[in-house]
Undergrad: 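Take a look at this one; I'll ask things after.
Chain letters run A, B, ... following the sequence lines, proteins first, then strands; residues in each count from 1.
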There are 2 protein chains.
Amino acid sequence: MSNTKVLPLLEPEVPEAVAPCCPPLTERPFTAEEAETAARMFKALGDPVRLRLFSAVASHEGGEACVCDISDVGVSQPTVSHHLKKLKEAGLLTSERRGTWVYYRVEPSVLAAMGKLLTIAPAVA
Amino acid sequence: MSNTKVLPLLEPEVPEAVAPCCPPLTERPFTAEEAETAARMFKALGDPVRLRLFSAVASHEGGEACVCDISDVGVSQPTVSHHLKKLKEAGLLTSERRGTWVYYRVEPSVLAAMGKLLTIAPAVA
DNA sequence: CATCTATGTTGACACATGTCGAACCAAGCG
DNA sequence: CGCTTGGTTCGACATGTGTCAACATAGATG
């Protein structure tokens with residue numbers, strides 16, 4: 001074995017652009033970079049099917065759900081998979097295979113971060 | 001005068017789908033209609049340029065700004081106008097002409113409504 | 001009225017996105 | 001090993017979207 005476990009960098013999908021993202025929208029005008037980062041998350045939730053999938057996962061027991069539990073949103077199964085992938089790439093969901101089924105889970109910090117974006121007053125006091 | 005002020009219905013752009021929209025995303029799976037409504041707002045903020053414009057208005061003095069104050073976001077003026085229109089159609093901004101300039105203003109209830117969508121626990125107690 | 005400035009609208013175009021069917025991978029099971 | 005079930009990936013297609021240049025409109029001002 002020539003290359004065992006070299007280059008641990010360059011992970012395929014890193015939801016790093018989530019938690020410490022940006023100040024509240026009302027605090028000051030967003031910079032281009034901040035807008036780019038935050039818009040990615042809003043965009044991920046900007047599709048009805050994705051929003052239903054995300055809500056289904058987020059409201060499911062333990063903030064986690066099997067694909068089979070939430071794939072009844074009126075589109076084909078490949079489309080469901082496609083949207084779940086998008087949500088994963090946006091850092092809103094994580095997935096894990098356990099035996100036969102694949103479970104998706106929502107990061108609580110994501111909701112908190114996005115919620116802070118939309119606060120009226122930054123409470124600078 | 002044959003038709004003076006008849007038919008006050010059918011307004012051109014009504015941001016009605018904003019305030020009492022949907023329960024928190026984590027409360028229960030969204031219905032198709034709820035998702036459609038909420039996704040429209042998220043989608044409107046899902047573009048970096050629009051997010052910058054919205055943030056610029058929201059953070060401006062009095063939650064209101066002239067187009068000339070916020071149109072420095074790296075795109076042409078028609079594009080700015082186009083995005084502001086989109087934000088208006090999504091119910092996130094309102095506009096008003098005062099003399100030479102057009103002022104855009106953010107509805108505080110909108111931020112509150114979207115913030116509620118992203119709350120972790122609905123505090124059902 | 002002529003004209004200038006500030007915004008909005010139109011038309012066109014490149015590109016991104018949502019969707020599906022078909023093919024493919026991954027586990028369990030006979 | 002082949003079959004079945006759950007899920008993803010691929011390829012293709014139609015539609016949506018962001019962008020700009022050109023034109024149009026609304027007030028102000030001379």
Undergrad: Rounding to an integer number of Å, can you tell me how far B:Y103 OH sits from C:dT7 C1'?
TA: 13 Å
Undergrad: Under a 3.5 Å distance rule, please check whether A:S55 uses its side chain to pair with a backbone N or O of B:L25 as donor and acceptor.
TA: yes
Undergrad: Taking atom P of D:dG6 as reference, at what distance in whole Å does atom NZ of A:K85 sit?
TA: 22 Å
Undergrad: Determine whether A:F54 and A:H83 satisfy the following criterion, side-chain contact (heavy atoms from CB on, under 4.5 Å), listing intermediate values before the conclusion.
TA: CA-CA 10 Å; A:F54 184 80; A:H83 283 305; over 6 Å; no
Undergrad: Detail all sub-3.5 Å separations between protein N/O atoms and N/O atoms belonging to nucleotides 14-24 of chain C.
TA:
residue : atom : partner : partner atom : Å
C:dT17  : OP1  : A:K43   : NZ           : 2.7
C:dG18  : OP1  : A:R50   : NH1          : 3.3
C:dG18  : OP1  : A:R50   : NH2          : 2.9
C:dG18  : OP2  : A:R50   : NH1          : 3.3
C:dG18  : OP2  : A:K86   : NZ           : 2.8
C:dT19  : OP2  : A:H83   : NE2          : 2.4
C:dC20  : OP2  : A:S76   : N            : 2.7
C:dC20  : OP2  : A:S76   : OG           : 3.0
C:dC20  : OP2  : A:T79   : OG1          : 2.8

Undergrad: Could you state whether A:V57 and A:Y103 fall into the same hydrophobic cluster, counting links through intermediate Ile, Leu, Val, Met, Phe, Trp or Tyr residues with side-chain heavy atoms under 4.5 angstrom apart?
TA: no
Undergrad: Taking all non-hydrogen atoms of both residues into account, name the closest pair between B:A44 and B:A90 and its distance.
TA: CB-CB, 3.5 Å
Undergrad: Shortest non-hydrogen contact from A:S95 to A:K88?
TA: OG-NZ, 2.9 Å
Undergrad: I need the CZ-C1' distance between B:R52 and D:dG18, as an integer number of Å.
TA: 16 Å
Undergrad: Using a cut-off of 4.0 Å between protein heavy atoms and nucleotide atoms, how would you tag nucleotides 25-30 of chain D 5' to 3' with B, S and -?
TA: -SSS--
Undergrad: Indicate, with a heavy-atom threshold strictly under 4.0 Å, whether A:Y104 touches base, sugar-phosphate, or nothing.
TA: sugar-phosphate
Undergrad: Using OP1 and OP2 only, check whether a side-chain N or O of A:W101 sits under 4.0 Å from C:dA27.
TA: no
Undergrad: Whole angstroms only, please: what is the CG-P distance between A:D72 and D:dG7?
TA: 13 Å
Undergrad: Just how far, in rounded Å, is C1' of D:dG7 from CG of A:L53?
TA: 14 Å
Undergrad: So does B:E33 get a backbone contact from the side chain of B:T37, meaning a donor-acceptor N/O pair under 3.5 Å?
TA: yes
Undergrad: What verdict does the side-chain contact (heavy atoms from CB on, under 4.5 Å) test give for A:R50 and A:L92, after you've listed the backbone C-alpha separation in whole Å, the side-chain angles of each residue and the deciding distance to 0.1 Å?
TA: CA-CA 11 Å; A:R50 278 199 295 273; A:L92 300 177; over 6 Å; no
Undergrad: With a 4.5 Å cut-off on side-chain heavy-atom distances among I, L, V, M, F, W and Y, is there a chain of contacts connecting A:W101 to A:V73?
TA: no
